[in-house]
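Below, chain A is the first sequence line, B the second, and so on; all start at residue 1.
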2 protein chains.
Amino acid sequence: MASSRGVRHDSMRARNLAVVLGEIRAAGPLTRAALAELTGLTKTTVSKLVADLLDAGVVVENGAVRDGERGRPGVAVSVSGHRIATLGLEVNVDYLAACVVDLTRTVRVRRVRPADNRGSRPEAILADLRELAGQAVADAERAALRITGAGLAVPGPVQDGLLRNAPHLGWRDIGVAGQLGLHDLACEVDNEANLAALGELWFGSGETDFLYVSGEIGIGAGLVVDGSLFRGTYGLAGELGHVVVVPDGPACRCGGRGCLEVYAGQDALLGAVVPMRGRVAAMPGAAAALPAASASIDGLVSLLEAGDRAALTAAGQAGEALGLALTSAVHLLDPGTIVLGGVFARLFPWLERPVSDVLSARLRQMRRTPPRVAMSAIGADAAVLGAAGLAMQRVIADPAGVLAL
Amino acid sequence: MASSRGVRHDSMRARNLAVVLGEIRAAGPLTRAALAELTGLTKTTVSKLVADLLDAGVVVENGAVRDGERGRPGVAVSVSGHRIATLGLEVNVDYLAACVVDLTRTVRVRRVRPADNRGSRPEAILADLRELAGQAVADAERAALRITGAGLAVPGPVQDGLLRNAPHLGWRDIGVAGQLGLHDLACEVDNEANLAALGELWFGSGETDFLYVSGEIGIGAGLVVDGSLFRGTYGLAGELGHVVVVPDGPACRCGGRGCLEVYAGQDALLGAVVPMRGRVAAMPGAAAALPAASASIDGLVSLLEAGDRAALTAAGQAGEALGLALTSAVHLLDPGTIVLGGVFARLFPWLERPVSDVLSARLRQMRRTPPRVAMSAIGADAAVLGAAGLAMQRVIADPAGVLAL
DNA sequence: GGATTATGTGCAGATTGTGGACTTAATCGT
DNA sequence: ACGATTAAGTCCACAATCTGCACATAATCC
């Protein structure tokens with residue numbers, strides 16, 4: 001219950017600018033009349049606000065709408081991708097990534113650099129990332145884009161801008177944004193799973209209510225309700241990987257026992273089909289250039305496609321464990337649908353059945369229909385895109401403040 | 001992402017009235033100058049807004065503050081409990097309840113009627129409740145209170161005002177508010193666990209971030225983050241009772257297996273100490289007038305106090321199961337603290353240890369400190385009070401609209 | 001008792017949205 | 001082809017609300 005501030009004239013206008021811009025962005029090209037209808041403001045006011053947005057170059061008029069109706073046709077306005085953009089960054093265990101996204105949600109620049117970041121010093125990695133970011137920004141500036149903010153996805157929980165604990169990097173309590181040092185560019189840091197969920201929201205299927213399940217080296221999840229992310233009290237919500245699946249199961253690195261990650265984490269998935277390692281290396285299609293973890297997942301997919309028994313049972317068991325954890329998650333979080341992302345998206349064909357079966361068996365009485373289980377619409381880019389989108393959201397939420405309107 | 005409406009002059013004023021009233025209510029008696037500081041509005045504006053609130057009788061001046069400082073002392077204003085109040089109602093398995101609460105959060109009327117509502121027809125029960133509500137309203141009107149709204153707690157999930165499924169009442173898809181028929185009094189219906197959480201928020205310890213665990217006949221939970229309730233996509237979040245504790249455990253009435261309710265629900269708690277039934281009835285202290293379920297919990301408490309072996313192991317096992325389910329809940333919901341309410345509040349001395357132990361053992365690596373486990377500060381009234389508070393929240397959030405300012 | 005400090009209010013002025021009249025640009029009907 | 005009709009967008013006087021400053025008020029300090 002943060003002490004709420006009163007509304008003054010300038011904040012009223014700032015809010016109305018945001019409402020109009022948000023509506024234009026959300027509902028596609030709209031005429032001023034339609035905007036007046038949607039926002040409850042008068043045509044006069046909308047005209048003035050749109051004029052300001054046009055001046056700032058964030059929206060453009062794109063010609064009269066010829067809808068065959070009677071009366072004067074309106075002039076549709078839509079967001080312009082020509083001026084404003086934001087930077088998305090990601091540090092992950094086996095790669096660094098950067099992207100630039102414009103106001104229309106078009107990806108303008110995309111740069112990925114494979115790397116083995118396990119146990120590396122934060123300074124070194126972040127210097128590499130700064131360089132990558134610099135290249136992406138330079139690309140964007142060549143396209144005459146103005147970068148107004150940045151977002152950064154990291155593989156671990158973030159609290160007050162501090163990366164608390166990234167077990168696979170070996171980092172603890174790192175002030176990532178500060179060490180990254182993007183001179184005068186504000187950079188918001190968040191968990192990879194949270195940002196991937198937002199990526200799915202803004203760049204994916206268009207759904208506004210879902211639980212994004214992020215299968216990376218660890219397992220995380222981000223819940224989106226009515227288009228906004230649920231973070232919990234300290235920003236640590238969504239740790240699906242450590243939901244208890246079997247109370248006296250094998251020990252997990254988190255100190256618990258029988259966590260989901262023990263059954264469906266990448267180590268479990270790959271460990272269950274150990275002999276494949278040799279086979280994969282010998283297979284002609286195996287991409288030798290890719291880092292080890294990724295290659296192994298590729299190998300697992302190949303084995304699954306080939307109908308390998310051990311691989312199929314491993315996937316089936318992981319799917320069942322995932323279904324059990326998701327049963328608890330559905331009861332507690334009440335998500336709209338469930339979107340499987342990351343590694344789970346690649347394994348979707350073999351996971352969908354066991355997950356859905358467990359969910360429907362266990363939820364049948366409580367809900368008329370259990371949540372649908374879907375595959376992520378965007379691939380491995382989800383988190384970087386979400387990071388860029390997060391920064392863009394600040395522009396949408398307060399165009400006046402960001403653009404000095 | 002509901003299409004958001006623009007801000008107009010009247011909504012600006014309405015918002016500022018709400019901000020000022022909210023601040024007065026939240027931060028106790030405040031002078032106009034302090035309000036100006038807190039809200040960011042000017043003293044002039046605050047003066048005008050406060051004048052309107054004084055006219056409406058929702059706040060009162062209570063004399064100059066003599067703080068020993070230099071300068072003219074301010075006049076503190078605080079909310080007035082003399083004019084506005086709301087009605088809270090509850091249908092539960094073994095009682096009906098009504099209460100009237102004023103703007104200062106003082107309970108002005110409280111009426112409880114024991115009843116055995118298992119499998120009863122909604123019409124009959126709701127007619128009884130209407131009568132009880134009428135009596136409470138009459139009491140309030142004798143005290144010159146104006147009832148501006150009502151809230152109703154029911155023992156089951158509510159969606160769009162429809163009570164979906166109350167297994168212990170045997171009700172399904174009942175439009176409770178409509179059938180209750182409180183002529184021109186708006187009545188919002190919600191889950192007992194949700195409203196108990198809000199009751200704890202507004203009438204309890206004053207914490208703003210917690211997971212309220214409601215141990216009634218079933219087990220529910222309500223998550224409060226930063227002073228507001230998390231409801232999930234369809235309003236069904238917080239079903240802690242059906243979190244999976246043992247994947248292949250005994251069947252639960254929900255269709256799943258090994259749900260928390262199987263291990264820590266009231267039936268499990270009482271069933272584990274069956275032989276006591278006879279003993280309880282024979283005990284001199286047993287309140288024979290109370291309904292069966294309640295008497296049994298009284299009996300269990302007596303046995304626990306007497307050190308009965310079977311009772312102690314039953315409580316210990318329930319506590320462990322609760323700890324396991326809460327481990328998953330903490331990972332997914334990230335609550336501030338955990339508040340045990342309802343039956344669990346009465347059993348708190350015997351549950352705290354096992355619950356805390358399981359939580360700290362399993363969460364140690366992921367969080368520096370696992371959430372504190374506390375006992376509900378208010379007793380069995382949590383849900384009715386929350387229902388009244390929910391209605392009161394509408395007054396706070398829009399005094400202009402409700403009071404026709 | 002005068003200087004100082006802080007509260008609360010009055011009044012002119014600034015900002016922003018409103019409402020209706022007006023202009024513009026299309027379709028429809030004859 | 002041309003006027004009637006309809007709807008979009010703009011202009012302008014007006015209204016609602018907040019601001020900023022001046023000023024009266026009421027305490028403490030010395």
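Nucleotide D/dT19 holds its P atom 11 Å from the CZ atom of A/R5, rounded to whole Å. Rounded to an integer number of Å, the gap from B/K48 NZ to C/dA12 C1' is 11 Å. The CG atom of A/L17 sits 14 Å away from the C1' atom of C/dT15 (whole-angstrom rounding). In this entry the distance linking CG of A/L49 with C1' of C/dG17 reads 9 Å, nearest Å. A straight line from CD of A/E37 to P of D/dG9 spans 13 Å, rounded to a whole angstrom.
The pair A/R32-A/E61 counts as a salt bridge, with a side-chain nitrogen and a carboxylate oxygen less than 4.0 angstrom apart. The residues B/D398 and B/R15 are annotated as not salt-bridged, no charged nitrogen and carboxylate oxygen being separated by less than 4.0 angstrom.
Other residues, nucleotides and ligands place no more than 12 heavy atoms under 6.0 Å from the CD atom of A/E37. Atom CZ of B/R394 sits in a sparse spot, with 12 or fewer heavy atoms from other residues, nucleotides or ligands closer than 6.0 Å.
Heavy-atom distances to DNA chain D give each of B/G40 and A/G74 a nearest nucleotide, and the one nearer the 5′ end belongs to A/G74.
You won't find any donor-acceptor pair under 3.5 Å spanning the side chain of B/T44 and the base of C/dG8, going by distance alone. The base of C/dT16 sits with one of its N or O atoms less than 3.5 Å from a complementary donor or acceptor on the side chain of B/H9.
For the segment residues 29-36 of chain A, no residue has any heavy atom less than 4.0 angstrom from an atom of DNA chain C.
For residues 76-87 of chain A, the pairs satisfying side-chain hydrogen bond (donor to acceptor under 3.5 Å, both in side chains) are A/N62-A/S78, with sequence neighbours left out.
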### Query
Can you give one letter per nucleotide of nucleotides 22-30 of chain C, going 5' to 3': B for a protein heavy atom under 4.0 Å from the base, S for sugar-phosphate only, - for none?
-BBBBBS--
